[in-house]
**Student:** 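Pasting in a structure now, in structure tokens, and then I'll have a few things to ask.
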Number of protein chains: 2
Amino acid sequence: MNTSETPSFERHDHERCIHSTVGRVAAACAERGLQLTPVRKRVLELLLDQHKALGAYELLDALRADGLGSQPPAVYRALEFLVGNGFAHKIERLNAFVACCIDETQHSPAFLICRGCNAIAEAESDGLKTAIEDTASACGFVVEQRVVEIEGLCPQCAIAQ
Amino acid sequence: MNTSETPSFERHDHERCIHSTVGRVAAACAERGLQLTPVRKRVLELLLDQHKALGAYELLDALRADGLGSQPPAVYRALEFLVGNGFAHKIERLNAFVACCIDETQHSPAFLICRGCNAIAEAESDGLKTAIEDTASACGFVVEQRVVEIEGLCPQCAIAQ
DNA sequence: AATAGAACGATATACTATACCGCACCTATG
DNA sequence: CATAGGTGCGGTATAGTATATCGTTCTATT
């Protein structure tokens, strides 16, 4: 099965992770005529700071500290932009948001959520997509959106427990 | 692939659907020493009324009408009981709840959510479970809970569109 | 410079969920 | 019988998440 995931659970050069993602998003915006405004960029950076999900109000607190907005609509508008354009994802189970680290427009990955360290990895798996498509088509259902959120323990936390 | 789903998208004897589920839950409670109190039973019935997800406050309005409770904790306590014991499920994507129509304790099905008619079907698929397990184990992740919610169109609504 | 659309600030409100306290009831046990 | 522990529930209050709306400002383009 063809499976790939973000390196959230492994030691990696996270500075590079951040810079390459911000650069990629900036380029995508330029190309697609989208505005990566200061608020939007800052929210993306906040989400990228760790591979963890942040709630809208945590982001809002950080925006306030930066003088970039003080009311809920500010952060929700930025999140709408980021999620709508595939630069971030909402984790339904947590009512929280993560930056997207995969260079692929409008994909719909599975998320691995570690309950130990709260890290989140994004996994793209052909086998999983196929299984969902098969499950749906078995009863004549036409798939439009998928939410796949898997909770458990990442390798490090599994050992520690 | 072994796949089975609830008949939510098909014409079926829904009265029978309701009665058999209420009976099954009552039996399970008796067997496991759980109390199917009036509030809990009523919430289950409300959820069973249609194969659709209901929000906590919709349920609360109905409970009020029946004189069975008037404040949020009443309905959330009932939902905690039903979900905790596998008699109902929370649909994370909708922040809403559905009755469980599958006779299997503590399972973790996929949900098919029709955006046309709002019906929800529960699908048990071995292939899907395997794919999730494979995706997770590919990066050493230990699965504890799964959320799989598939949005799209049921057979009838797909034709109508 | 004029204009149209996008983004933003600000206020208000809606929707979802939980913490906490005290009472009533049951029943197990001394 | 007394009482202690557990469970469920009513009620108050509050926490947490999200959106509607309106008027202004910014930006790209004419």
Side-chain angles (χ1 to χ4, degrees), chain A residues 25-26 28-44 46-47 52-85 87-98 118 147 149, chain B residues 25-26 28-44 46-47 52-85 87-98 118 147 149:
Chain A
V25 170
C29 286
E31 188 180 336
R32 289 147 68 183
L34 303 172
Q35 299 181 46
L36 188 59
T37 63
V39 183
R40 292 168 178 180
K41 182 156 181 253
R42 186 75 190 111
V43 171
L44 179 63
L46 290 165
L47 291 178
K52 295 184 182 171
L54 292 177
Y57 285 71
E58 288 177 270
L59 293 166
L60 182 55
D61 288 343
L63 287 185
R64 279 201 185 103
D66 295 346
L68 277 172
S70 60
Q71 298 303 323
V75 68
Y76 280 103
R77 277 191 291 246
L79 288 167
E80 183 181 16
F81 171 85
L82 293 171
V83 172
N85 290 291
F87 305 138
H89 301 286
K90 179 170 186 182
I91 307 297
E92 299 290 345
R93 179 63 191 254
L94 304 177
N95 292 320
F97 301 84
V98 288
N118 296 313
V147 174
E149 295 170 359
Chain B
V25 169
C29 286
E31 188 179 338
R32 288 146 70 184
L34 304 171
Q35 299 179 46
L36 187 59
T37 63
V39 182
R40 293 167 176 181
K41 181 153 182 255
R42 186 74 189 113
V43 170
L44 178 63
L46 289 164
L47 291 177
K52 295 185 181 171
L54 293 176
Y57 284 73
E58 288 178 271
L59 293 165
L60 182 55
D61 288 344
L63 288 184
R64 279 200 185 104
D66 295 346
L68 278 172
S70 61
Q71 298 303 323
V75 69
Y76 280 103
R77 278 189 293 246
L79 288 168
E80 183 181 14
F81 171 85
L82 294 171
V83 172
N85 290 292
F87 306 139
H89 301 286
K90 178 170 185 182
I91 307 296
E92 299 291 345
R93 179 62 190 254
L94 303 178
N95 293 319
F97 301 83
V98 288
N118 297 312
V147 174
E149 295 170 358

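Here is how names work: the chains are called A, B, and so on, in the same order as the sequence lines, proteins then strands, and each is numbered from 1. As a basis for the values below, the full set of heavy atoms in this structure was taken, side chains included, without hydrogen atoms, waters or symmetry mates.
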**Student:** Check whether any side-chain heavy atom of Val43(A) lies under 4.5 Å from a side-chain heavy atom of Leu68(A), and answer yes or no.
**Tutor:**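 SC-SC contact between Val43(A) and Leu68(A) ruled out.
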**Student:** Does Glu92(B) have any salt bridge (Lys or Arg N to Asp or Glu O under 4.0 Å) partners at least two apart in sequence or in another chain, and if so, which?
**Tutor:**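 Only Arg93(A) meet the salt bridge (Lys or Arg N to Asp or Glu O under 4.0 Å) criterion with Glu92(B).
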**Student:** Could you pick out which residue, Gly55(B) or Thr37(A), lies toward the 5' side of DNA chain C when each is mapped onto its nearest nucleotide?
**Tutor:**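 Checking each residue's closest nucleotide, the 5'-ward one belongs to Thr37(A).
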**Student:** What is the distance, to the nearest angstrom, from the CG atom on Leu60(A) to the C1' atom on dT19(D)?
**Tutor:**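 My rounded result for the distance is 14 Å.
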**Student:** Heavy atoms within less than 4.0 Å of DNA chain C: which residues of residues 70-84 of chain A have one? Give them sorted by number.
**Tutor:**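 Under 4.0 Å from DNA chain C: Ser70(A), Gln71(A), Pro73(A), Arg77(A).
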**Student:** I need the CG-P distance between Leu36(B) and dG8(D), as an integer number of Å.
**Tutor:**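 Nearest whole value for this atom pair: 11 Å.
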**Student:** Reading DNA chain C 5' to 3', which nucleotide is the first, and which the last, to come under 4.0 Å of any heavy atom in chain B?
**Tutor:**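 Listed 5' to 3', the contact boundaries are dT16(C) to dA19(C).
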**Student:** Sugar-phosphate atoms are those with a prime plus P, OP1 and OP2; base atoms are the rest. Using that split, label each nucleotide of nucleotides 25-30 of chain D B, S or - for protein heavy atoms under 4.0 Å, 5' to 3'.
**Tutor:** ------
**Student:** Can you name the residues that form a salt bridge (Lys or Arg N to Asp or Glu O under 4.0 Å) with Lys52(B), not counting sequence neighbours?
**Tutor:**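 So Lys52(B) forms no salt bridge (Lys or Arg N to Asp or Glu O under 4.0 Å) with any residue.
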**Student:** Just say parallel, tilted or perpendicular for the rings of Phe81(B) and Phe87(B), cut-offs at 30° and 60°.
**Tutor:**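 It falls in the tilted class, 30° to 60°.
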**Student:** Which side-chain N or O atoms in residues 28-36 of chain B pair as donor and acceptor under 3.5 Å with protein atoms at least two apart or in another chain?
**Tutor:**
unit_1, atom_1, unit_2, atom_2, d
Arg32(B), NH2, Asn85(B), O, 3.4

**Student:** Please name all residues satisfying side-chain hydrogen bond (donor to acceptor under 3.5 Å, both in side chains) with Asp66(B), sequence neighbours left out, ordered by chain then number.
**Tutor:**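 Result, side-chain hydrogen bond (donor to acceptor under 3.5 Å, both in side chains) vs Asp66(B): Arg42(B).
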**Student:** From CD of Glu92(B) over to C1' of dG16(D), roughly how many Å is that when rounded to an integer?
**Tutor:**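 Checked: the CD to C1' distance equals 15 Å.
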**Student:** Please tabulate, for side-chain N and O atoms in residues 53-64 of chain B, each donor-acceptor pair with protein atoms closer than 3.5 Å (sequence neighbours left out).
**Tutor:**
unit_1, atom_1, unit_2, atom_2, d
Glu58(B), OE1, Gly55(B), N, 2.9
Asp61(B), OD1, Arg64(B), NH1, 3.3
Arg64(B), NE, Ser70(B), O, 3.0
Arg64(B), NH2, Ser70(B), O, 2.7

**Student:** With rounding to the nearest 0.5 angstrom, report the CD to CG distance, Glu149(A) to Leu94(A).
**Tutor:**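 Going from CD on Glu149(A) over to CG on Leu94(A), the span is 7.0 Å.
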**Student:** Grab the OH-P distance between Tyr57(A) and dA15(D) for me, whole Å please.
**Tutor:**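 Distance, rounded to whole Å: 13 Å.
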**Student:** For Arg77(B), what residues pass the side-chain hydrogen bond (donor to acceptor under 3.5 Å, both in side chains) criterion, not counting sequence neighbours?
**Tutor:**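 Scan of Arg77(B) (side-chain hydrogen bond (donor to acceptor under 3.5 Å, both in side chains), adjacent residues dropped) gives none.
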**Student:** Going by salt bridge (Lys or Arg N to Asp or Glu O under 4.0 Å), name the residues that satisfy it together with Lys41(B), two or more places apart in sequence or in a different chain.
**Tutor:**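 With sequence neighbours excluded, Lys41(B) shows a salt bridge (Lys or Arg N to Asp or Glu O under 4.0 Å) to Glu45(B), given in chain and number order.
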**Student:** Leu82(B) versus His89(B): any side-chain heavy-atom pair under 4.5 Å?
**Tutor:**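 Not touching, per the 4.5 Å side-chain cut-off.
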**Student:** Mapping Asn95(B) and Val39(B) to their closest nucleotides on DNA chain D, which lands nearer the 5' end?
**Tutor:**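 Closer to the 5' end of DNA chain D: Val39(B).
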